[in-house]
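Following: one structure in structure tokens, then a few remarks.
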Amino acid sequence: DRETGSSPFLEVLKDLHSQYKSLQEGTVANYIPELAKVNPNLFSICIATVDGQIYEVGDYQQLFTIQSISKVFIYGQALEDHGRDYVLTRVGVEPTGDAFNAIILDEQSKRPYNPMVNAGAIATTSLIKGNGATERLNRLLEMYRRYIGRDVFVDISVFTSERSTGHRNRATAHLMLNFGMIDQNIEEALDLYFQQCSVMVNCRDLAVMAATLANKGVNPITKEKAVDSCYIKDILSVMYTCGMYNFAGEWAYKVGIPAKSGVSGGIIAVVPGQMGIGVFSPLLDGRANSVRGVKVCEELSQRLGLHLFECK
Ligand code: GLN
């Protein structure tokens with residue numbers, strides 16, 4: 001365990017880690033064959049504060065693919081590339097109440113419901129600017145670098161595993177192509193989507209990315225601006241209402257802070273003006289959220305009084 005500052009945070013994290021490490025509920029994601037190989041016991045929790053302190057426990061250096069947590073950051077990039085009004089014509093901001101990979105579009109507008117589910121994320125990914133596939137990928141890797149503070153890479157095994165089995169996402173992309181919601185080459189958009197999901201991060205990276213959002217878009221460790229502060233409210237609003245899929249309402253009620261989960265078992269949570277939280281544990285519940293991750297965040301929110309509407 002590691003501490004780069006003095007605070008009761010580390011004690012709370014150690015407590016939660018030992019309390020939940022024996023919890024064995026849930027199953028690892030197996031619809032992407034490579035993800036099924038993960039060690040289900042891995043478990044780490046990290047807090048990064050906006051003044052640059054880091055508190056971490058467990059397997060915090062373990063790398064894993066970021067999966068759906070990428071959707072948050074790609075949405076920010078799409079907003080920077082095209083502005084709010086245009087992005088809103090391509091993807092809505094309405095929670096679905098359905099599974100993350102549901103093949104559904106808004107009846108009337110034909111837009112995907114929101115950028116935090118697969119349909120909406122594939123649409124936002126297709127908006128990323130760049131001259132050709134390589135430049136678009138490099139722009140996303142460069143964006144991740146600003147949030148994390150180091151270079152990141154795509155895990156080729158997970159990427160090819162998902163590309164060769166991702167028929168559901170391919171079907172979703174075809175449906176959007178049918179309604180003119182995606183206009184670039186959809187195989188290229190899907191490749192970029194699978195690549196953005198296959199970027200390797202550790203739990204500490206998740207906390208720093210979340211802390212960057214908590215810190216108006218400025219990485220609190222490197223002080224580099226990762227995203228224009230004018231889009232922070234867009235990003236955090238959709239995280240708050242849609243970030244935990246069909247558990248988003250209950251999460252908003254119980255935990256009360258913007259968050260995003262991914263099928264590899266990561267969760268990020270953002271306490272604006274205060275801190276970013278990262279949790280990693282691959283065992284997932286029926287809605288594809290990390291079982292221990294949800295428990296840890298519920299309890300952290302309670303113990304530290306993080307709920308946005310807490311009366312203090
Ligand atoms: N790459 C995954 C998919 O598209 C991401 C899903 C997730 O993390 N919920 O199915």
Side-chain angles (χ1 to χ4, degrees), residues 26-40 42 62-75 77-78 91 98-104 112 114-128 130 133-134 136-141 143-144 152-177 182 184-202 205-206 209 243-245 260-268 280-290 293:
T27 49
V28 304
N30 57 11
Y31 71 102
I32 302 173
E34 276 299 301
L35 289 185
K37 297 180 179 170
V38 71
N39 171 359
L42 291 168
Q62 174 68 44
L63 292 170
F64 50 89
T65 54
I66 190 166
Q67 296 301 333
S68 277
I69 297 173
S70 64
K71 291 167 178 169
V72 168
F73 305 96
I74 278 58
Y75 183 51
Q77 186 66 55
V91 53
D98 284 306
F100 69 93
N101 55 5
I103 308 180
I104 43 162
N114 70 70
M116 302 291 111
V117 292
N118 288 10
I122 295 167
T124 41
T125 301
S126 80
L127 295 177
I128 300 305
T134 309
R136 283 193 277 275
L137 173 62
N138 284 338
R139 288 191 70 233
L140 289 192
L141 294 176
M143 173 208 72
Y144 279 121
V152 293
F153 302 94
V154 171
D155 182 295
I156 298 298
S157 315
V158 174
F159 165 58
T160 51
S161 178
E162 187 168 1
R163 177 161 64 169
S164 57
T165 57
H167 306 303
R168 211 184 160 88
N169 286 325
R170 210 160 269 120
T172 304
H174 275 282
L175 186 65
M176 293 191 288
L177 181 64
I182 301 196
Q184 96 186 30
N185 175 333
I186 64 168
E187 281 307 320
E188 227 174 83
L190 283 164
D191 274 358
L192 188 58
Y193 171 73
F194 297 143
Q195 285 160 348
Q196 91 194 21
C197 289
S198 302
V199 161
M200 298 288 270
V201 293
N202 60 36
D205 297 332
L206 291 186
M209 294 172 96
M244 302 298 284
Y245 314 121
K260 183 78 199 81
S261 60
V263 284
S264 52
I267 295 182
I268 61 170
F280 170 59
S281 166
L283 291 167
L284 307 181
D285 63 22
R287 292 151 164 152
N289 295 319
S290 166

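Basis for what follows: all heavy atoms, side chains included, without hydrogens, waters or symmetry-related copies.
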Does [X] have any side chain to side chain donor-acceptor pair (under 3.5 Å) partners at least two apart in sequence or in another chain, and if so, which?
| X | result |
| --- | --- |
| Arg287 | none |
| Ser290 | none |
| Gln67 | Thr65 |

Spacing of [atom1] belonging to [X] relative to [atom2] belonging to [Y], to within rounding of 0.5 Å:
| X | Y | atom1 | atom2 | result |
| --- | --- | --- | --- | --- |
| Leu177 | Ile122 | CG | CD1 | 12.0 Å |
| Lys71 | Asn114 | NZ | CG | 9.0 Å |
| Leu140 | Leu192 | CG | CG | 5.0 Å |
| Leu284 | Ser264 | CG | OG | 8.0 Å |
| Arg163 | Ile32 | CZ | CD1 | 14.0 Å |
| Glu188 | Ile186 | CD | CD1 | 11.5 Å |

Check ring-ring contact (aromatic ring centres under 6.0 Å, His included) between Phe73 and all other residues, then give those that pass, not counting sequence neighbours.
->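 Once residues adjacent in sequence are excluded, the partners of Phe73 under the ring-ring contact (aromatic ring centres under 6.0 Å, His included) criterion are Tyr147.
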Name all residues meeting the ring-ring contact (aromatic ring centres under 6.0 Å, His included) criterion together with Phe64; count only those two or more places apart in sequence or in a different chain, and write none if there are none.
->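 For Phe64 the ring-ring contact (aromatic ring centres under 6.0 Å, His included) partners, ignoring immediate neighbours, are Phe280.
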Can you confirm whether [X] sits close enough to [Y] that some side-chain heavy atom of one is under 4.5 Å from a side-chain heavy atom of the other?
| X | Y | value |
| --- | --- | --- |
| Ile66 | Met209 | yes |
| Lys260 | Val72 | yes |
| Ser70 | Tyr144 | yes |
| Leu206 | Ile69 | yes |
| Asn30 | Leu35 | no |
| Val154 | Leu137 | yes |

So which heavy atom on Pro112 is nearest to which on Met176, and how close?
->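 In this case the closest contact between Pro112 and Met176 is CG-SD, 3.8 Å.
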Minimal non-hydrogen separation, Thr125 against Ala189, with atom names =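 Taking Thr125 first and Ala189 second, the nearest heavy atoms are CG2-O, 3.8 Å.
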Who passes salt bridge (Lys or Arg N to Asp or Glu O under 4.0 Å) against [X], sequence neighbours left out?
| X | value |
| --- | --- |
| Arg168 | none |
| Arg170 | Glu187 |
| Asp155 | none |

Going by side-chain contact (heavy atoms from CB on, under 4.5 Å), name the residues that satisfy it together with [X], two or more places apart in sequence or in a different chain.
| X | result |
| --- | --- |
| Tyr31 | Ala29, Phe100, Val263 |
| Val28 | Val38, Pro40, Pro282, Leu283 |
| Asp98 | Thr96, Ala102, Ile104 |
| Ser261 | Met244, Tyr245, Ile267, Asn289 |

Glu162 side chain to Ser198 side chain, donor-acceptor N/O pair below 3.5 angstrom |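 Note: Glu162 and Ser198 side chains miss the donor-acceptor criterion.
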Taking atom types as modelled and ignoring hydrogens, do the side chains of Asn101 and Asn118 form a donor-acceptor contact shorter than 3.5 angstrom?
->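 Result is no, nothing qualifies.
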Decide yes or no on side-chain contact (heavy atoms from CB on, under 4.5 Å) for Val199 and Gln195, but give the supporting numbers first.
-> CA-CA 7 Å; Val199 161; Gln195 285 160 348; over 6 Å; no
Check: Thr165 side chain, Ser161 main-chain N or O, donor-acceptor pair, under 3.5 Å =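 The answer is yes, because a donor-acceptor pair under 3.5 Å joins these two groups.
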Is the backbone N or O of Asn202 less than 3.5 Å from a side-chain atom of Asp205, with the two atoms forming a donor-acceptor pair by type?
->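 Judged by distance alone, yes, a pair lies under 3.5 Å.
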Full working for side-chain contact (heavy atoms from CB on, under 4.5 Å) between Ile74 and Met143 = CA-CA 9 Å; Ile74 278 58; Met143 173 208 72; 3.8 Å; yes
